[in-house]
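Notes follow the structure.
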Amino acid sequence: MKPSIPKGTRDFNPVEVGRRNYIFDTIKKNFALYGFQPIETPSFENSETLMGKYGEEGDRLIFKLLNSGDFLSKVNDTLYSEKDSTKITPKISEKALRYDLTVPFARYVVQHRNEITFPFKRYQIQPVWRADRPQKGRFREFYQCDADVVGSKSLWQEVEFIQLYDAVFTDLGLKGVTIKINNRKILSGIAETIGAEDKLIDFTVALDKLDKIGEEGVKKEMREKGIPEAALEKLQPLFSLKGSAIEQLQSLRELLINSTMGTQGVEELEFISKTIETLGLRTASLQIDVTLARGLNYYTGAILEVSAPAEVKMGSIGGGGRYDDLTSIFGLKDMSGMGISFGLDRIYLVLEELNLFPETISENSKALFLNFGEQESLYAMKAIKELRVNGVAAELYPDAAKMGKQMGYADKRDIPFTVLAGESEIEQQVFTLKNMKTGEQRSLDLTALKNALKS
RNA sequence: GUGGUUGUAGCUCAGCUGGUUAGAGCGCUUGAUUGUGGUUCAAGAGGUCGCCGGUUCGAAACCGGUCUUCCACCCCA
């Protein structure tokens with residue numbers, strides 16, 4: 001049997017783990033700085049918690065876990081002979097792998113509502129699973145990094161999350177990301193204004209593709225979805241929306257003058273963008289983008305998406321938004337929330353492409369002690385013990401192999417120093433420290449060795 | 001889920017329209033006076049040609065299925 005892993009999953013080598021942890025740590029540090037606290041939820045939930053929460057497409061992409069035991073015995077013959085998977089699945093599978101972190105979070109909030117102090121700010125970094133067909137930067141097992149706050153309608157949350165995005169990407173050295181912002185209320189307002197409220201989803205899905213298929217492509221798709229020509233004409237100002245945020249908001253305000261919902265959306269956007277302008281961002285830029293239409297199943301206010309710098313061909317590296325009703329599916333009403341997510345795998349690809357990973361992030365020994373035999377090893381091990389107590393990662397080559405082999409090992413593992421301690425060193429109670437980069441060798445006693453390796 | 005694409009040594013790939021013992025580079029192992037790696041030189045090991053089945057006198061090459069890779073759509077992080 002040839003060893004292999006399932007489609008869309010990955011092994012990570014030490015360098016990759018080091019780099020992923022670097023991203024995780026940077027994100028965690030900033031989550032903490034902004035007052036978020038970590039929670040974790042199980043990797044699998046009861047199916048009923050997940051099913052039906054992501055649309056019919058989502059149900060297909062949820063990994064279902066087969067019941068244990070003789071699960072088929074619970075399926076009656078008529079149901080079995082129908083061969084309808086959607087009907088049999090709930091009978092033979094009562095648990096499913098986590099599909100995202102948002103729904104389990106909503107479940108968590110409702111389940112623990114009496115222990116939670118609101119507004120509740122939590123972050124969560126855990127893997128999720130999707131039975132999707134893999135593509136570049138899309139896997140069947142991947143990590144999500146989410147921060148959410150529930151129990152506050154304040155627009156200051158939106159302001160905070162935008163600053164949080166800016167802080168994380170600045171810390172990662174990824175300059176020039178664009179945080180795009182839109183508002184569901186504006187999209188609703190537009191749909192209302194052009195008389196296509198019932199086609200809001202079709203309308204926004206098409207609009208979302210503007211930068212991909214162009215103005216004509218969008219119009220074509222809208223016509224196919226049954227949006228009348230007259231409505232498309234009213235949309236024209238959207239396609240030619242240009243200028244500064246203030247100017248764009250002014251045009252939107254005029255377009256949406258007859259929609260209270262739309263006007264409210266414009267006002268929210270105005271508050272957020274003006275506040276951010278006053279506060280300033282470190283390296284990111286905020287851009288209004290009325291074509292942004294993601295997660296419409298649950299977003300009710302602000303919609304955010306982060307794009308990588310233009311020079312890398314990578315879609316969004318993060319997204320989020322305001323949802324007013326997330327917990328109502330679990331029976332808790334009036335619990336407005338807002339959250340954002342970081343796309344770890346894509347951020348990794350972007351940092352790699354731009355060569356932004358620091359050199360020093362992989363965990364590695366500082367020194368390798370060569371093995372010259374039993375007595376010599378004991379002498380070396382005493383020094384190694386001392387070094388480790390002092391926080392210096394050091395190790396002994398386990399076998400008394402030829403020196404060339406031991407040196408080669410240090411070389412391959414990029415261990416910066418080797419220590420030679422043979423008969424003559426023991427006699428003088430010293431160690432020969434060799435710098436593998438320069439080849440320079442020095443004879444040092446234990447204290448000097450410690451000091452040399454500590455720095 | 002739909003359409004396409006990829007799969008040959010550990011890695012990156014050659015292998016012409018089916019024809020003897022399947023190749024290269026890198027890597028690996030060993031050696032070049034047994035206390036010195038990264039350079040050089042020499043020798044060597046390593047492949048059921050993704051897997052299953054079919055066509056053929058003969059298949060790595062052609063056909064079907066399957067798994068995998070990547071891409072587009074759908075959707076999404």
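By convention in this document, chain letters (A, B, ...) are assigned in the order of the sequence lines, proteins followed by strands, and residues within each chain are numbered from 1.
- Heavy atoms of G422(A) sit under 4.0 angstrom from at least one base atom.
- Rounded to an integer number of Å, the gap from CE of M407(A) to P of G35(B) is 12 Å.
- In this structure, L232(A) and M222(A) approach most closely via the heavy-atom pair CD2-SD, 3.5 Å.
- Counting distance only, with no hydrogens placed and no angle test, the side-chain atoms of D411(A) and the base atoms of G37(B) include a donor-acceptor pair under 3.5 Å.
- In this structure a side-chain-to-backbone donor-acceptor pair under 3.5 Å is missing from S341(A) to G318(A).
- How far CD of Q157(A) is from CD1 of I340(A): 11.5 Å, rounded to the nearest 0.5 Å.
- With sequence neighbours excluded, no residue forms a ring-ring contact (aromatic ring centres under 6.0 Å, His included) with F203(A).
- When heavy atoms are screened at a 4.0 angstrom cut-off, E423(A) is found touching base atoms of the nucleic acid.
- Between the side chains of Q126(A) and S43(A), no donor-acceptor pair of N or O atoms lies under 3.5 Å.
- The distance from atom CD1 of I303(A) to atom CG of D289(A), rounded to the nearest 0.5 Å, is 10.0 Å.
- Taking atom CG on L349(A) and atom C1' on C70(B), their separation rounds to 14 Å, with Å as the unit.
- For the residue pair N46(A)/T49(A), the side-chain donor-acceptor check at 3.5 Å is not satisfied.
- Mapping P134(A) and T438(A) onto RNA chain B by nearest heavy atom places T438(A) closer to the 5' end of the strand.
- The distance from atom CD1 of I62(A) to atom P of A77(B) is 14 Å, rounded to the nearest whole Å.
- Looking at heavy-atom distances under 4.0 Å, F342(A) makes no contact with the nucleic acid at all.
- The distance between atom CG of L370(A) and atom C1' of G37(B), rounded to the nearest whole Å, is 10 Å.
- What you find for Y143(A) and P127(A) is that their closest heavy atoms are CE2-CD, 3.5 Å.
- With hydrogens and angles ignored, a donor-acceptor pair closer than 3.5 Å exists between the side chain of E425(A) and the base of G35(B).
- Nucleic acid contact for E141(A): none, since no nucleic acid atom lies under 4.0 Å from a heavy atom of the residue.
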Considering only nitrogen or oxygen atoms on both sides, find all protein atoms under 3.5 Å from nucleotides 27-31 of chain B and state each distance.
from	atom 1	to	atom 2	distance (Å)
C28(B)	OP1	K412(A)	NZ	2.4
G31(B)	OP1	K402(A)	NZ	2.3
G31(B)	OP2	K402(A)	NZ	3.3

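- Taking the ring axis of Y299(A) as reference, the NZ or CZ atom of R322(A) does not stay both within 45° of it and closer than 6.0 Å to the ring centre.
- The minimum heavy-atom distance linking A96(A) with S47(A) is given by the pair N-OG, 3.9 Å.
- In this structure, F142(A) forms an aromatic stack with the base of A77(B), since both conditions hold: centre separation below 5.5 Å and plane angle below 30°.
- The aromatic rings of Y165(A) and F169(A) lie parallel to each other, with less than 30° between the two planes, well short of the 60° mark.
- A parallel orientation is assigned to the rings of F431(A) and Y379(A), their planes being inclined by less than 30° (bins at 30° and 60°).
- Using P as the reference atom, G54(B) and U39(B) are 50 Å apart when rounded to the nearest Å.
- Rounded to whole Å, the P atom of U34(B) lies 48 Å from the corresponding atom of A60(B).
- Nearest heavy atoms, L292(A) versus D208(A): CA-OD1, 3.9 Å.
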Report the C-alpha distance between E268(A) and N183(A) in whole Å, list the side-chain angles of each, state the deciding distance to 0.1 Å, and finish with yes or no for side chain to side chain donor-acceptor pair (under 3.5 Å). CA-CA 8 Å; E268(A) 288 183 10; N183(A) 197 300; 2.8 Å; yes
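- Across the C1' atoms, A45(B) and U30(B) are found 10 Å apart, a figure rounded to whole Å.
- Partner of D132(A) under the side-chain hydrogen bond (donor to acceptor under 3.5 Å, both in side chains) criterion, chosen from R138(A), R60(A), R140(A): R138(A).
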Taking Watson-Crick and G-U wobble contacts under 3.5 angstrom, with | marking pairs to another strand and [ ] crossing pairs, the secondary structure of RNA chain B is written ((((..(..((((.....[...)))).(((((.......))))).....(((((..]....))))))..))))....
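- D146(A) has its side chain within reach of R122(A): a pair of non-hydrogen atoms, C-beta onward, lies under 4.5 Å apart.
- Between the CG atom of D59(A) and the P atom of C76(B) there is a distance of 13 Å, rounded to whole Å.
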Between the protein and nucleotides 72-75 of chain B, are there any N/O to N/O pairs under 3.5 Å, and if so, what are the atom names and distances?
from	atom 1	to	atom 2	distance (Å)
A72(B)	OP2	Q135(A)	OE1	3.0
C74(B)	OP1	K209(A)	NZ	2.7
C74(B)	N4	R138(A)	NH1	3.0
C75(B)	O2	R138(A)	NH2	2.6
C75(B)	N3	R138(A)	NH1	3.0

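- If you check every strand for non-hydrogen atoms under 4.0 Å, G319(A) touches nothing.
- Using a 4.5 Å heavy-atom cutoff, the side chains of E395(A) and L368(A) are in contact.
- Residues from residues 18-35 of chain A with heavy atoms under 4.0 angstrom of RNA chain B: there are none.
- For Q406(A) against U36(B), no side-chain N or O and base N or O form a donor-acceptor pair under 3.5 Å.
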Just the atom pairs and distances: protein N or O near nucleotides 65-68 of chain B's N or O, under 3.5 Å.
from	atom 1	to	atom 2	distance (Å)
U68(B)	OP2	K7(A)	NZ	3.3

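- Here OG1 of T327(A) is found 8.0 Å from CD1 of I329(A). Values are rounded to the nearest 0.5 Å.
- Rounding to whole angstrom units, CG of residue D414(A) and C1' of G37(B) are separated by 12 Å.
- Here T418(A) lies out of heavy-atom contact (under 4.0 Å) with every strand.
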